[in-house]
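Below: one structure, written as structure tokens.
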Amino acid sequence: MSKYKISFPHMADYYVPVRYLLSHLMEDAEIMVAPPITSKTIELGSKYSPDFLCTPFKYTLGTIIEALECGANVIVQAGGGCRYGYYSELQIEILKELGYDFTYLNLVSCGKTDIKKIYQMAKKLNPHFSVLKACYYGFITIKMVKYMDQIDHIIRENIGFEVKENSFIHLKQEMLEHFSQVKTYRELFSLYHQYKKKFLNLEIKKPKDYFKVGMIGELYTIMEPFANYQLEYELAKFGIAIKRYTNVQYLLFEKKHEIKKLLRQTSDYIKYKMGADASDNIARAKYFCTHHYDGIIHIKSSFCTPEIGAMPVISKVCSDYQVPVLFFSFDANTSEVGIRTRIEAFYDMLEMRREYEKSISRN
Amino acid sequence: MKKAYLGIDIGSISTKGVVIDSDYHLLASDYIWTEGDPVQAVRTLIDSLKEQLSDDIEIHGIGTTGSARKLIGLMLDANVVKNEITAHAVGTKAFYPDVRTILEIGGQDSKMILLNHGVVVDYAMNTLCAAGTGAFLSSQAKRLGVPIEEFGKLALTSKHPVKIAARCTVFAESDLIHKAQVGYPKEDIVAGLCRSIVLNYLNNVGKGKKIMGPVVFQGGVSKNIGVVKQFEEVLKEPIIVDPNSHLMGAIGIAILSSKQARDNIYPLEFKNITFETKGRECEHCSNHCEILNIYKNQKLIDTWGNKCPRGLQV
């Protein structure tokens, strides 16, 4: 048994593919999923973070601390195109000052992925590390992420209309358990199609003129349900189908191909890429406006600079097309009552607009 | 017997209640301080409303709104429990059918509602902080030693309002102290404060939304004529302030309850009913959900605050 205990920060259900990949590449090490995010996580994270940093930093720092407390000694972290790219450097410093002794496997350092460095690191953690195996299991993991995201699309469109309470959530849990035990790609592939069928066959009661709402925003807060106070689920409960393009599949694999197309589609509003996902979100807002969506909800964590830049443009797009947009900014401690009030009012507004449109078409 | 509907708006600072008839005429109304005890405030409020009503009135519907709407809705067994944004829009629409913009500044929150053809098309509410709300205005009035009722009148006498930072309450406060310490006359500071509230509101809540007339201003702060005047100057639009502007949320929710009224009659008798909330922390996981158990006559009627079914166990 090796002395390594590897862990990584949480985001939604993506711990399943990450755990899968790591457990097949680091056979000797123990892969530990950090404890689920709770109020204590964010409390810990906020305590040791600079106050004006974006909230995802606080969440990830909190999960890392909790993982270290549970005995992890290797932490894997990635990076992105905004402040996220600098998370690991800062987190290493903070955690060292707190006296934790661990190895930090930084997949993206200074905004770049250094394959050679990662390889050396992997060799150190597992002397039997094989590139061939990494490619094979890497491929399965990528497909797993893709399938999870595709199932999530189905869930978001239908969960608000479920007949049996929690039927979608329970089925998803079951699917994830099966996913994490697959041995070959073929197995994963057939599981995906089985579950896709099961999801589509779940009993729902969808009225003909249901509401459609598009969700856009900063990647972590929109994807991690705890960070957005389960906004998607709360909204769905009103009987709303939700569309969200931001997911790991998009960010890692589709974005680089699609971004040029998206920029072209929104050339009447923006000329240049605005950093992180700002331009994507503006393009999505325009897409939702022109495809008969009833409303748009924009979510970000406080102090998320790229999204702050995108917000005025999004309001402009939405006022041009007369589609209502609601902005949410989440911090470590946002009042849930306030969120509830805003969602309720948003739904009432959608209903009133619908009634008005009907009364016009009748006359 | 005459059918009537009760609407109650329980805000953070004040509790407003109205009784209206089927034609939306006001039969009774009152405005009292919540003082951190919504249950007691509502008991007092209902007693006062009952005194104003004649004997041939039957309450056929009850609506609650405001931040304590859920609790009071349970207590009164209300037939409509709705958020204050919708309530304000409905109430204002009933009196000003062609209203396009509703500005609302209350004790802890402020909102802007845009309507078109009587339909809410957009709204905004302040986020995270209470900058530019009534609470800030009243705390600053206390600091300056001006009674809040005199505040607006004093502001009107100013000819040269001082400039006060409008972005953030904390900056505004230190700016205000500085202006006071260099000896500006009080009326100029007070007028500057009114202006900073207006600019703050338009920056933080309005955020470039197109404000079109007719503009109706309501909420507790609308009673402050200094702020009304500053709104008129900044927006260059006449600002309508209804004599019942502070009651508009309660009127709106009463109207909504009249639309969904059932046949039962509410007795409005709460003397023998005990109502209490017991809070506890759930120990099942590190979420430490704050569980609220609501008891009516010592009987558990509802539980809030649990993130999972484990929190339901008493």
Side-chain angles (χ1 to χ4, degrees), chain A residues 35-44 62 66 69 165-166 225-226 229-230 295 300 302-303 311-316 318-319 322-360, chain B residues 11-12 65-71 80-90 93 104 108-109 111-130 204-210 252-253 256 281-282 284-290 292 304-309:
Chain A
I37 297 182
T38 61
S39 316
K40 197 182 140 215
T41 317
I42 183 64
E43 219 171 88
L44 271 173
E66 282 187 319
E69 288 290 331
E165 213 183 330
N166 293 332
F226 195 89
Y229 299 82
Q230 315 228 339
K300 72 169 179 63
S302 304
F303 317 117
M311 277 161 68
V313 191
I314 292 170
S315 335
K316 172 96 171 69
C318 292
S319 78
Q322 299 207 338
V323 173
V325 58
L326 180 61
F327 293 103
F328 276 108
S329 195
F330 292 110
D331 200 3
N333 31 24
T334 312
S335 130
E336 274 178 72
V337 183
I339 299 167
R340 181 100 207 143
T341 303
R342 286 165 178 83
I343 305 181
E344 258 184 58
F346 190 72
Y347 180 74
D348 285 346
M349 176 164 74
L350 296 186
E351 251 187 347
M352 279 190 250
R353 288 172 73 111
R354 177 70 59 87
E355 256 169 49
Y356 175 68
E357 278 163 22
K358 270 187 193 160
S359 74
I360 284 185
Chain B
S12 55
T65 185
S67 39
R69 62 180 178 277
K70 210 172 148 192
L71 178 75
V80 174
V81 178
K82 268 248 159 64
N83 62 82
E84 49 273 33
I85 298 170
T86 310
H88 271 279
V90 170
K93 227 169 62 185
E104 206 263 348
Q108 281 296 328
D109 58 20
K111 36 196 165 300
M112 180 185 283
I113 308 169
L114 304 181
L115 301 99
N116 196 0
H117 305 292
V119 181
V120 179
V121 287
D122 202 0
Y123 74 89
M125 206 169 164
N126 62 333
T127 47
L128 292 174
C129 87
N204 286 338
V205 184
K207 279 189 186 144
K209 287 195 194 311
K210 231 178 241 153
I253 200 70
L256 284 171
E281 210 170 73
C282 177
H284 287 292
C285 76
S286 47
N287 256 335
H288 293 297
C289 288
E290 191 189 339
L292 294 175
W304 305 339
N306 52 310
K307 288 195 171 80
C308 72

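Order of the sequence lines sets the chain letters (A, B, ...), proteins ahead of strands, with each chain counted from 1. Given the structure is predicted, the values throughout are model-derived calculations rather than measurements.
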Notebook entry, point to check: Crowded around A:Q322 CD? As in, over 12 foreign heavy atoms under 6.0 Å?
Noted result: no
Checklist line | Step-by-step side-chain contact (heavy atoms from CB on, under 4.5 Å) determination, A:F303 to A:S329 | finding: CA-CA 9 Å; A:F303 317 117; A:S329 195; over 6 Å; no
Next item on the list: Report, by ascending residue number, the residues of residues 112-120 of chain B in heavy-atom contact with chain A at a distance under 4.5 Å; give 'none' if the set is empty.
Entry: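 From residues 112-120 of chain B, the residues near chain A are B:H117, B:V119, B:V120.
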Checklist line | chain B contact via A:V325 - side chain, backbone, both or neither, heavy atoms under 4.5 Å | finding: backbone
Check: At a heavy-atom separation under 4.5 Å, does A:T341 approach chain B through its side chain, its backbone, both, or neither?
Finding: both
Do the non-hydrogen side-chain atoms of [X] and [Y] ever get within less than 4.5 Å of each other?
X	Y	value
B:R69	B:I253	no
B:Y123	A:R342	yes
A:P36	A:F226	no

Restricting to side-chain contact (heavy atoms from CB on, under 4.5 Å), what partner residues turn up for [X], sequence neighbours left out?
X	result
A:E355	none
A:P324	A:F346, A:M349, A:L350, A:R353
A:E43	none

Margin query: For B:K82, which atoms come within 4.5 Å of any heavy atom of chain A: side chain, backbone, both, or neither?
Written below: both
Item checked: Closest-packed option against chain B by number of heavy-atom pairs under 4.5 Å, given A:L326, A:D348, A:T41 -> A:D348
